[in-house]
**Student:** 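What follows is a single structure, and I will ask about it in a moment.
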Amino acid sequence: MSPTLSRRRFLKISAATIVAGAAAGRVSSAIAASTAPTGLRRVPTFCDLCFWKCNAIATVRDGRLWKIEGNSNDPLSRGRLCPRGTGGIGASSDPDRLRSPLIRTRERGAEEWKEVTWDEALDYVATRMKKIAVEHGPESMALFAHGIGGTFVKHTLKAYGTPNIAAPSFAQCRGPRDVGFNLTFGEEVGSPERTDIANTDCLVLIGSHLGENMHNTQVQEFAEAVGRGATVIVVDPRFSVAASKAKHYLPIRPGTDLALLLAWMHVIVTEKLYDAGYVAKYGYGFEPFAASLATFTPEWAHPETGIDPETIRATAREMARHRPATLVHPGRHVNWNGDDAQRSRAIALLNALLGSWGRKGGFYAPASMDVPPYAYPPYPKPARPKLDNPDKKYPFATESITTGIRDATLTGQPYPIKGWMVYATNLINALPKQADTIRAIQQLDLLVVVDVIPSEIAGWADVVLPESTYLERHDELNVELFKEPFVALRQPVIDSPHDQKPNWWIAKILAEKLGLGAFYPWHDIEEYLETRLKGANLSLAELKRAGVVRGPRQPIYFDEGVPAEFPTPSGKIEFYSPQLAAAGFDPVPRYTAPEAGPPGAFRLLYGRAPMHSFSRTQSNRLLSDLMDENAVWLNAVAARRLGLKTGDYVQLRNQDGAVSHRVRVKATERIHPDCVYLVHGFGHTARGLRHTFGRGANDAQLITRYKTDPLMGGTAMNVNFVTLEPAEAT
Amino acid sequence: MVIDTRRCVGCMDCVVACKTENSVPEGFCRDWITETVHGEFPTVQLEIRSERCNHCANPPCVDCCPTGASHVHERGGVVLVTPEKCIGCKACLAACPYDARFIHPDGYASKCTFCIHRVEQGLLPACVSVCPTHCMHFGDADDPLSDVSRLLASRPNYTLLPEAGTKPGVYYLT
Amino acid sequence: MTEFTNFRHNPGLDPAVHVWGWEIPVYLFLGGLVAGLMIIAGVRLMIMRPTARQALVCCTIGPLAGLALLSSGMLALFLDLTNKVNVWRLYLTFEPTSPMSWGSWILLLVYPALLANALTHLPEAIPALAKRVPAFVKISDYILARPRFVVGIGLANIAIGVALGIYTGLLLGTLGARPLWNSAVLGPLFLFSGLSTAAALLHGILVLSTPDNERPEFADFLLSMLTRWSEAKPLDIRIAPTLAQADNSFLTIELALIGLLLIGHLTSTAAHQAAAHLLLNGPYAAVFWVFVIGLGILMPLFLQHLELRHRIRHTIAPSLLVLCGGLVLRFVLVAAGQASHWTTALH
Ligand SMILES: Nc1nc2c(c(=O)[nH]1)N[C@H]1C(S)=C(S)[C@@H](COP(=O)(O)OP(=O)(O)OC[C@H]3O[C@@H](n4cnc5c(=O)[nH]c(N)nc54)[C@H](O)[C@@H]3O)O[C@H]1N2
Ligand SMILES: Nc1nc2c(c(=O)[nH]1)N[C@H]1C(S)=C(S)[C@@H](COP(=O)(O)OP(=O)(O)OC[C@H]3O[C@@H](n4cnc5c(=O)[nH]c(N)nc54)[C@H](O)[C@@H]3O)O[C@H]1N2
Ligand code: SF4
Ligand code: SF4
Ligand code: SF4
Ligand code: SF4
Ligand code: SF4
Ligand SMILES: [Mo]
């Protein structure tokens, strides 16, 4: 693209923002690098406090990071970041950050290090990786990487020759949902989810606690929906923030959602409230599916779910009344009870009955810009297949299973794993059964961790590589698949404060030391980015200035001309799934009651707090100021029975004897008496996290059991039970 | 300022935005969240409020200030502190029924300024402009045509502790 | 059932307000005491024959003590300021709605008034000093030669003393945010408490200077040291009963005002009722009932009553009790006041 054209486009953007600002009666704070007062510098980039990747503008005042705000030209953030994004500068200024490369000096997990140069550290890694390749084959090196920052590390490891690359975002997060929808519609929900909350008339949230789960666009659209007066139905054993905005709150017994879903579908089918035209046109196997629902009456579901039949009927009818603009949200972290892919499939089927897939107010068809990948030489073909899912034990898994790699590391089967490289995932807290993770680590010849803070997983590493935070580095382009296509740039706002390096540099130098320099034909990241952007007729200069470039809006609904295609084997929405039947699974969802816990114990539930991301933000001082320890939510009546009140310290003991740090009680009417709830991410055990060490309870420590989803290998973690013991208020 | 409690999700984005915009020191905040829960599970009501200085029309914090450090902005409507005049006697902290003030580590009384430095540039206060639920509205409640006046006219609303007689300038929509 | 959670955590404010520690109660106590000393000094100065030369506890020792006590009080106040470098700002402005501003200007007037009162009869009270600094004698002579000047000094002490005493109460009383303080009674209460502590202090000093055989031993020792140094003549111990009498009246009025304060709150809003209960049966009740009411008011009332009816000798016990009671009253009111809150009514 010629410079004049890009300039014109930039002007258009700024004109649009000023018009938008003026409409709101204000001058917009958008990109105004040229007019900024002296001492202020505004740099567009995109956020990395979670995986939503909102576009942002960071302001530097007199050389120091001052603030970070949403980019008003960003379709994701619409100019407003979530609290974590706004507090993102605390990630850069965190005094507990890793400062230089470290090599272990004592036994693993002792967190004793010596500081080394990058050259020494990467030599160490390269030498051992070569040794593993020679002795066991490159497939014996696994990579765990989460997020867009992992792109180049993945590239290096693929060039090295391993197929064993996984992230917790599948088996510990959205995997069951994607598989459930894939089996039904032939497509996944994706991330950002293709949920059209902005236009829905009836939003059904099954445990998705929007407002606490702060995925930005969804929360904004949710608030709009509430503001518009859209019907909100919330199913959650906890009276979530979303529940407080709902017309109907269904206080379900944890783990019984599939029964509710079946009863809803029973009502909609038997009362013929479904979108008959849609079902007839796009559906496959509706008859056997409808027949299978016959016995799943609301009366049947009542004792399971604790929801009274009339409420089930009323909510089912309400959903049908608003169809197709009824959105039964598929959730995101759905690893609950082991029947998760089937439950997700039931959600997909309910949406199919309502005709919401491909329709306004339901699920749109996302679009993206065409930015071709960089033309690298082909990767070597691994001699052995990936080992996370041997013999396709979990036939419907679409991505690698982290826990599968961990199991293989433990057993040496089907072949040994001797090295782990871990990029931006705190496996100790992200995978269930910490003991297994630690035992697996003890089998390794090499554990390399790339992190920004001395996390728990870094504590077990042989080599720790300190990365620059997102505000100090370039990353891969974000070519987003969304309502509106756009491409966005992450670029450094300030320099790294110490000897930290960006992932692209780490990956490139490591590749060179491994003799894989041919896989990095570019000299630096800007050259790489420029090359990719040229392929799309864009320029790096334009992105540097604007941060995000939007493509033309494309049709996103069937009504707008999106072809109604369903890439399932039948080419239709599979109400009855021959694939599942062939693999020996229920072709239509069937309910099994969750296993009860020991008497007197509470089911342990966990989730998000709006101002924290997983276990990565608790040492961010800006965010820890908003919440610096978690509390265990306990039903107020149960608390009275146990003689506990808000603020009391307790320890949680689970069914296997695991005991948490001390944690305060939140005795509240906002939770079902069967369960307790913890915000995930607290109770850090890594000593280097000085500020947050030991504060609150760690749900991951108490998840000593999980149930594996038979369809796809997801690890259901809501299957642990705890009792509460008074603790000393030391 | 008008805040729609029906939309607010208590995410505290307003709190962290204020902290960065105004360099509020670690451990302090100018705005904060409260949650009130009524009822018994499962019939529960939850109200979340983003609170801050109410910029009272009848501000006891200004009345009690012995040095004139606490004052009302010349164009009215905003209660401010001039750090250079403040002796740190804390009378204003004790005088504020909302506990909206604190002593800055540098010694002076501090609190929400309604981001007057932004408003004077035609920008919204930081907390308002960041709120992902768009639940906060800023404008002149005395101007009947303003956004905030229309909201106040069309929806039930209340102020905090009207019985304290301070005439607060922050309204909550229910 | 209502659950209320506040996610604010500002130091000094959360979970409960505690912006003022020991400094302010000490300051308020000393301020009240000095106010009382001034009023008593003023009255005493005016009701005696203007030109008579006498060693007067009320008019010399009292004001001198007042100067020292007030300075300590202002030091306490100063210590409480978190932005001390700006303290001069108090005297660049007068803020009519701010009791503190009033107070800072009143304090400026207190010093000359007290000093004038002290100087009037200084040569008789502390001859040693007068001998060494003849100027004191000249000043005294000058004042005593002008009866209208003496009356002026007396009136000024009374007026400024009343202002100072009321101001210490008003300082809290105008802070409407704290329901416990939210009462017009606080001004008179602190004034009378100040008077009672001042009378007690003077009474105590007199007791210490009663004839040797009636004195407690340790006091004897202390006093002999002092008199030897100052070559003092015996003070006007004849007014000791008057002071005890006055003290009892002040204590009775104080008691009545406390009653009025509490009744006022108990018949007011829920927030005020809750505030009163902080003292009556809440966390501050023990200290309030035992130290303020019991030992600080009732006990000295009783003892002084017996003293006046010559059932027992005059001792310094009632003085000490009243002084302690006055101090604890300020502590309790400042602490409980900060704990009292409008929102207790809401939630
Ligand atoms: N017990 C329990 N387990 C869970 C969940 C739960 O709620 N409870 N949630 C599950 C879900 S939904 C998910 S998506 C996963 C998330 O799992 P993870 O993605 O592993 O999340 P975190 O625990 O935050 O770990 C992220 C790690 O990356 C580091 N990091 C942060 N920024 C950077 C960076 O810029 N560069 C590098 N190199 N490192 C960085 C952080 O310091 C931290 O150590 O966890 C899953 N596991
Ligand atoms: N602030 C913030 N936002 C985030 C994240 C973050 O770390 N911080 N992480 C992001 C990521 S990767 C993910 S995966 C999402 C996760 O967020 P979501 O998918 O929205 O929520 P979950 O973590 O699955 O579930 C938590 C909620 O489910 C309820 N729940 C638990 N068990 C049951 C049950 O049996 N039935 C029902 N109906 N409800 C149940 C809990 O009470 C709680 O309200 O959040 C995303 N957004
Ligand atoms: S949702 Fe929040 S944390 Fe995630 S990318 Fe957007 S602003 Fe950042
Ligand atoms: S940012 Fe908005 S939604 Fe979030 S807590 Fe503040 S007012 Fe509520
Ligand atoms: S809220 Fe408090 S600080 Fe703000 S104007 Fe009112 S009294 Fe003053
Ligand atoms: S602390 Fe400062 S602003 Fe507050 S009353 Fe005292 S001098 Fe005024
Ligand atoms: S208006 Fe400005 S100063 Fe006041 S709370 Fe909002 S961001 Fe903070
Ligand atoms: Mo996730």
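Chain identifiers are assigned alphabetically (A, B, ...) following the order of the sequence lines, protein sequences preceding nucleic acid strands; residue numbering begins at 1 within each chain.
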**Student:** State the CZ-SG distance between C/Arg178 and B/Cys96, to the nearest 0.5 angstrom.
**Tutor:** 7.0 Å
**Student:** Minimum heavy-atom separation for C/His341 to B/Asp99, with atom names?
**Tutor:** NE2-OD2, 3.1 Å
**Student:** Take a 6.0 Å sphere around CZ of C/Phe291 and say whether it holds more than 12 heavy atoms from other residues, nucleotides or ligands.
**Tutor:** no
**Student:** Using a heavy-atom cutoff of under 4.5 Å, enumerate the residues of residues 19-38 of chain C that contact chain B, numbered in order, or state 'none'.
**Tutor:** C/Val19, C/Trp20
**Student:** Taking C/Gly176, C/Ser104, C/Ser101 one by one, which has the highest count of heavy-atom pairs under 4.5 Å against chain B?
**Tutor:** C/Ser101
**Student:** So what's closer than 4.5 Å to chain C heavy atoms on B/Ile103: side chain, backbone, both or neither?
**Tutor:** side chain
**Student:** Looking at side-chain heavy atoms only, is the closest gap between C/Thr82 and B/Lys90 below 4.5 Å?
**Tutor:** yes
**Student:** Is it true that atom CH2 of B/Trp32 has more than 12 heavy atoms of other residues, nucleotides or ligands lying nearer than 6.0 Å?
**Tutor:** yes
**Student:** Is chain C contacted by the side chain of B/Cys64, its backbone, both, or neither, given a heavy-atom distance below 4.5 Å?
**Tutor:** both
**Student:** Measure the CH2-OG1 distance between C/Trp88 and B/Thr67 for me, rounded to the nearest 0.5 Å.
**Tutor:** 10.0 Å
**Student:** So what's closer than 4.5 Å to chain B heavy atoms on C/Trp181: side chain, backbone, both or neither?
**Tutor:** side chain
**Student:** Check B/Ala95 against C/Leu175 and note the closest heavy-atom contact, atom names and distance.
**Tutor:** CB-CD2, 3.5 Å
**Student:** With rounding to the nearest 0.5 angstrom, report the CD to CZ distance, B/Glu84 to C/Arg89.
**Tutor:** 7.5 Å
**Student:** Could you please state which residues from residues 8-18 of chain C sit under 4.5 angstrom from chain B, measuring non-hydrogen atom to non-hydrogen atom, sorted by number, or 'none'?
**Tutor:** C/Arg8, C/His9, C/Asn10, C/Pro11, C/Leu13, C/Val17
**Student:** If every non-hydrogen atom of B/Ala91 is compared with every non-hydrogen atom of C/Met100, which pair is closest and at what distance?
**Tutor:** CB-CE, 4.0 Å
**Student:** For B/Thr34, does its backbone N or O pair with a side-chain atom of C/Asn6 as donor and acceptor, under 3.5 Å?
**Tutor:** no
**Student:** Of all heavy-atom pairs between C/Leu90 and B/Pro66, which one has the smallest distance, and what is that distance?
**Tutor:** CD2-CB, 3.6 Å
**Student:** Decide if atom NZ of B/Lys167 counts as having more than 12 heavy atoms of other residues, nucleotides or ligands within a radius under 6.0 Å.
**Tutor:** no
**Student:** At a heavy-atom separation under 4.5 Å, does B/Cys29 approach chain C through its side chain, its backbone, both, or neither?
**Tutor:** both
**Student:** Pick from C/Leu77, C/Leu171, C/Leu92, C/Asp80: which one has the most heavy-atom pairs with chain B under 4.5 Å?
**Tutor:** C/Asp80
**Student:** Which heavy atom in B/Asp63 sits nearest to a heavy atom in C/Thr97, and how many Å separate them?
**Tutor:** O-OG1, 2.7 Å
**Student:** Using a cut-off of under 4.5 Å for heavy-atom pairs, which of B/Tyr98, B/Phe28, B/Phe102 has the most such pairs with chain C?
**Tutor:** B/Phe28
**Student:** Nearest 0.5 angstrom please: B/Gln45 CD to C/Thr2 OG1, how far?
**Tutor:** 9.5 Å
**Student:** Between B/Gly10, B/Pro97, B/Gly165, which shows the greatest number of heavy-atom pairs under 4.5 Å with chain C?
**Tutor:** B/Pro97
**Student:** Would you compute the distance between atom CD of B/Glu47 and atom CZ of C/Phe4 and round it to the nearest 0.5 angstrom?
**Tutor:** 10.0 Å
**Student:** NE2 of C/His272 to CD of B/Glu163: how many Å apart, nearest 0.5 Å?
**Tutor:** 10.0 Å
**Student:** Using every non-hydrogen atom in the two residues, find where C/Ala177 and B/Ala94 come nearest and quote the distance to one decimal.
**Tutor:** CB-O, 3.4 Å
**Student:** For the candidates B/Lys85, B/His38, B/Met12, which exhibits the highest count of non-hydrogen atom pairs separated by less than 4.5 Å from chain C?
**Tutor:** B/Lys85
**Student:** What part of B/Asp31 gets within 4.5 angstrom of chain C, counting heavy atoms only: side chain, backbone, both, or neither?
**Tutor:** neither
